Q: 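One structure coming up, written as structure tokens, with questions to follow.
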2 protein chains.
Amino acid sequence: MSQKLFVSADEVAKRAGVSRSAVSRAFTPGASVSELTRRKVIEAAEELGYHVNQLARGLMRNESGIVCLIVSDVATPYRSALLRELTQQLQTAGKVAMLVNTDRSDGSVDRALQQAIRYRADASIILSGLPDKSITQLCLRSGQRLVLINRDDDQPGPLRINLDDTEAAHRVVTAFLRAGCQRLAFANSDAGTPSLMARERGFVAAAKTQGLDVTVERYGFTSYDSGKMLAQRMLTRTERPDAVFCATDLLACGFMDAARHQFSISIPEQLSIVGFDDIEQASWTSYQLTTFAQPVAVIAGEAVQWLSAEPSSENERTSKLLHPELVWRGSVRAG
Amino acid sequence: MSQKLFVSADEVAKRAGVSRSAVSRAFTPGASVSELTRRKVIEAAEELGYHVNQLARGLMRNESGIVCLIVSDVATPYRSALLRELTQQLQTAGKVAMLVNTDRSDGSVDRALQQAIRYRADASIILSGLPDKSITQLCLRSGQRLVLINRDDDQPGPLRINLDDTEAAHRVVTAFLRAGCQRLAFANSDAGTPSLMARERGFVAAAKTQGLDVTVERYGFTSYDSGKMLAQRMLTRTERPDAVFCATDLLACGFMDAARHQFSISIPEQLSIVGFDDIEQASWTSYQLTTFAQPVAVIAGEAVQWLSAEPSSENERTSKLLHPELVWRGSVRAG
DNA sequence: TCGCTCTTTGCAAGCGTGTGCAAATGCTGC
DNA sequence: GCAGCATTTGCACACGCTTGCAAAGAGCGA
């Protein structure tokens with residue numbers, strides 16, 4: 001492929017007039033080297049442009065430093081925000097992120113995890129989909145850490161980070177009631193993702209305890225266009241809802257736009273809307289969407305901390321439940 | 001760290017009753033193995049959950065299969081769209097993406113490239129910032145391919161993919177003139193990114209040939225908030241512009257929102273706006289922004305194709321100039 | 001000077017794989 | 001049966017690094 005290739009530790013050793021082990025030790029924090037040789041090595045390395053070969057190091061140490069991020073729909077606001085947080089925190093923890101894109105096809109996540117295994121990733125973080133049990137078993141057996149974010153799974157081993165969707169749903173119901181709304185609706189995608197379904201169930205259940213029925217509509221993936229479509233379905237009914245909880249901010253944005261510009265409904269006067277995720281667009285002047293903020297920084301922090309910690313016998317809980325924060329903006333009628 | 005660790009080719013060989021070389025060859029396309037042994041090996045591998053160790057393979061083949069994506073502001077719509085395209089196309093080309101986040105600090109890109117070198121990445125694709133010449137030299141000398149996207153650099157070696165910003169700027173001027181606009185303005189961030197500056201210069205120059213002056217304002221990074229700020233600065237002037245070319249869709253969205261909701265200006269009747277990038281939000285009903293679409297799929301395609309091709313002596317041109325497509329929506333007054 | 005301890009250094013084995021080379025095997029035609 | 005050839009197989013070395021181990025050196029008190 002290429003000619004000269006990378007400079008190796010041998011060349012550095014020769015130039016610095018030391019043994020190859022010395023070079024290795026000079027680049028290993030905490031290794032036994034005198035300050036003098038270390039300096040000689042570093043200098044020679046810089047002159048030659050030497051950088052430790054992490055492939056070889058990983059092979060020996062049996063620890064690649066690679067963490068595999070498995071995710072679909074990377075270009076989506078919420079996903080990309082989480083991605084930013086994860087990559088940044090991984091970097092400061094001395095790890096490096098390997099990004100594997102999945103689609104909705106069968107076995108997509110499994111293939112991604114196999115990629116992670118091939119590269120001997122120290123850990124994999126799964127943001128989308130759910131891998132086959134046999135593969136996760138293989139990962140764990142191989143000594144690979146696993147983190148599931150917002151995936152509803154109960155097998156032990158992986159760290160599971162989840163949001164309290166039910167609590168959130170309850171809070172939306174109270175907010176809507178306090179605003180004097182009566183005809184509640186839930187706008188969902190029909191992707192059937194665990195967290196989306198949890199929000200829906202929680203919302204319906206909470207409304208029921210208040211003696212209210214909820215109109216539920218599901219359509220497409222969780223996107224802006226689906227939001228518009230959902231609005232068209234719900235707002236052409238004879239009994240229009242006056243309060244809609246959208247499973248996702250993206251859905252909410254589409255819903256709002258359709259409601260305003262197609263149905264000339266004014267928000268929040270005639271229609272209260274709450275979303276979920278607190279994507280950047282939710283704060284834009286055109287939307288001012290009241291929504292739940294996913295604590296992406298905390299999520300990433302928990303994940304990174306867990307997977308760079310020593311596997312202390314019981315590593316405490318392998319499951320974390322975080323609480324989204326309700327961000328009040330202008331899309332819910334004042335009480 | 002972990003106990004049992006990954007299963008190696010030796011174990012597979014033993015189980016399949018063949019030599020270790022046979023295992024290796026069974027997983028090497030085009031290697032000399034009989035169909036029988038290959039099948040035996042594959043079967044044994046599946047039973048044991050064996051996956052080739054890419055670290056070791058990369059070490060031998062001197063080709064890791066890793067491509068390093070160097071980028072800042074991952075969570076930004078345009079960046080994440082490009083990222084999605086790149087990771088997907090890399091995957092189908094049999095490569096794997098390593099994501100390195102940069103910030104605006106000095107040497108951030110250089111550190112990222114060093115990371116790429118450490119992992120012996122086959123190539124690096126730089127979407128943000130510009131590395132020091134010495135580092136790029138080191139990369140090239142080490143046999144690493146380099147792709148610069150929308151970075152204005154003239155040193156030979158890397159593949160440079162650029163957009164024709166000047167042509168785009170010219171087209172905006174004609175569009176504005178045809179719409180009967182007279183007071184032209186350019187809203188830019190003051191990040192000084194090469195492509196942003198090229199758009200500004202092109203716009204000013206094109207206007208000049210028509211005998212028109214352009215009000216130029218620069219502020220902050222290229223974000224929604226900067227767009228709002230720019231609107232506040234430009235629309236409080238005594239002579240308001242009636243046509244603004246925003247260097248970025250994100251700026252344009254902020255600009256539009258401020259114009260409409262703070263200054264009650266109606267678009268496009270009193271103010272025509274054109275953006276750049278064609279991020280997803282540009283097509284949202286609230287914006288309907290006329291803008292230039294970056295051909296992200298083509299960009300990614302060119303990059304991936306180039307870096308997975310054999311280094312055919314002269315690999316043709318090392319510089320590609322692509323032409324953004326003008327997407328007409330509703331933010332420019334009809335002529 | 002010696003003997004002791006503590007630090008630093010080099011040697012060499014090994015990590016899991018690819019691959020050149022020679023030996024072995026299978027096949028064909030006589 | 002055998003020569004002749006193409007295909008398949010195994011051995012052993014290489015890739016660039018880490019690290020246990022033993023040898024070498026440094027420091028120091030007697």
Side-chain angles (χ1 to χ4, degrees), chain A residues 1-41 44-45 48-66 117-122 142-143, chain B residues 1-41 44-45 48-66 117-122 142-143:
Chain A
M1 178 161 181
S2 50
Q3 334 279 36
K4 183 52 186 70
L5 291 174
F6 297 87
V7 23
S8 79
D10 275 310
E11 313 178 38
V12 179
K14 201 164 298 169
R15 179 169 192 116
V18 296
S19 78
R20 216 183 22 135
S21 337
V23 177
S24 178
R25 284 191 255 259
F27 285 100
T28 306
S32 169
V33 214
S34 72
E35 194 48 37
L36 178 64
T37 37
R38 149 171 263 116
R39 283 239 315 276
K40 281 197 293 187
V41 169
L48 268 56
Y50 169 78
H51 291 270
V52 177
N53 186 335
Q54 288 285 4
L55 271 51
R57 171 176 276 188
L59 195 54
M60 267 305 297
R61 290 237 183 107
N62 208 38
E63 188 179 336
S64 61
I66 296 175
I117 292 181
R118 276 197 289 275
Y119 280 95
R120 299 302 189 256
D122 296 338
S142 306
Chain B
M1 180 159 180
S2 49
Q3 333 280 35
K4 183 53 185 66
L5 290 173
F6 298 86
V7 22
S8 79
D10 275 310
E11 313 178 39
V12 179
K14 201 164 298 170
R15 179 166 193 120
V18 297
S19 80
R20 206 185 41 76
S21 334
V23 177
S24 178
R25 284 190 253 260
F27 285 100
T28 305
S32 168
V33 214
S34 72
E35 194 48 36
L36 177 65
T37 38
R38 148 171 264 117
R39 282 238 317 276
K40 281 196 294 185
V41 169
L48 268 56
Y50 168 77
H51 291 269
V52 177
N53 186 335
Q54 288 286 4
L55 271 50
R57 171 176 276 189
L59 194 54
M60 267 303 297
R61 288 235 185 108
N62 207 40
E63 187 179 338
S64 60
I66 296 174
I117 292 181
R118 276 198 289 276
Y119 279 95
R120 298 302 189 256
D122 296 339
S142 306

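For clarity, every value in this text was computed on a predicted model and none was experimentally measured. Residue numbering restarts at 1 for every chain, and letters A, B, ... go by the order of the sequence lines.
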Q: Examine distances only and state if a side-chain atom of A:R20 and a backbone atom of A:A13 form a donor-acceptor pair shorter than 3.5 Å.
A: no
Q: Between A:V41 and A:A26, what is the shortest heavy-atom contact and its length?
A: CG1-CB, 3.5 Å
Q: For the base of D:dT18, is there a side-chain donor-acceptor partner from A:R20 under 3.5 Å away?
A: yes
Q: Between C:dG16 atom P and B:E11 atom CD, what is the distance in whole Å?
A: 9 Å
Q: Of the candidate nucleotides D:dG10, C:dT17, D:dC15, which contains the atom at the shortest distance from the side chain of A:R120?
A: C:dT17
Q: Mark yes or no for whether A:R15, through its side chain, and A:V12, through its backbone, hold a donor-acceptor pair below 3.5 Å.
A: no
Q: Between P on C:dG18 and CG on A:L59, what's the gap in Å once rounded to a whole number?
A: 12 Å
Q: With ring centroids as reference points, do A:F27 and A:Y50 lie under 6.0 angstrom apart?
A: yes
Q: Rounded to whole angstroms, how far apart are CD on A:Q54 and C1' on D:dC15?
A: 16 Å
Q: Can you say whether a donor on the side chain of B:R25 sits under 3.5 Å from an acceptor on the base of D:dG10, or the other way round?
A: yes
Q: With heavy atoms under 4.0 Å as the rule, sort B:S24 into base, sugar-phosphate or nothing.
A: base
Q: Quiz question: going by heavy-atom distance under 3.5 Å, is there a donor-acceptor pair between the base of D:dC11 and the side chain of B:S21?
A: yes
Q: Go through D:dT18, D:dG16, C:dG10 for me and flag the one nearest to the A:R61 side chain.
A: D:dT18
Q: Donor-acceptor pair, distance only, cut-off 3.5 Å: does the side chain of A:R25 make one with the backbone of A:V33?
A: no
Q: What is the separation between atom CE on B:M60 and atom P on C:dG14, rounded to the nearest whole Å?
A: 19 Å
Q: How far does CG of A:D122 sit from CZ of A:R61, to the nearest 0.5 angstrom?
A: 11.5 Å
Q: Nearest nucleotide by nearest heavy atom, which residue falls closer to the 5' end of DNA chain D, A:A9 or B:S19?
A: B:S19
Q: Whole angstrom is fine here: how far is it from CG in A:D10 over to P in D:dC17?
A: 8 Å
Q: Roughly, in whole Å, what's the span from CG in A:N53 to C1' in C:dT17?
A: 14 Å
Q: Under the 3.5 angstrom rule, does the side chain of B:R120 hit a backbone N or O of B:I117 as a donor-acceptor pair?
A: yes
Q: If only side-chain N and O atoms of B:Y119 are considered, is one of them under 4.0 Å from the OP1 or OP2 phosphate oxygen of D:dG16?
A: no
Q: For the side chain of B:R57, starting at C-beta, report the closest nucleotide among D:dC17, C:dT17, D:dT18.
A: C:dT17
Q: Looking at every strand, decide which applies to B:F27 at a 4.0 Å heavy-atom threshold: base, sugar-phosphate, or nothing.
A: nothing
Q: Among residues 31-40 of chain A, which residues get a heavy atom nearer than 4.0 Å to DNA chain D?
A: none
Q: Just checking, any donor-acceptor pair under 3.5 angstrom between side chains of B:S24 and B:S21?
A: no
Q: Measure NZ/A:K14 against P/D:dG16 and give the value in whole Å, please.
A: 12 Å
Q: Give the rounded distance in Å between these two atoms: CD of B:E63 and C1' of C:dT19.
A: 15 Å
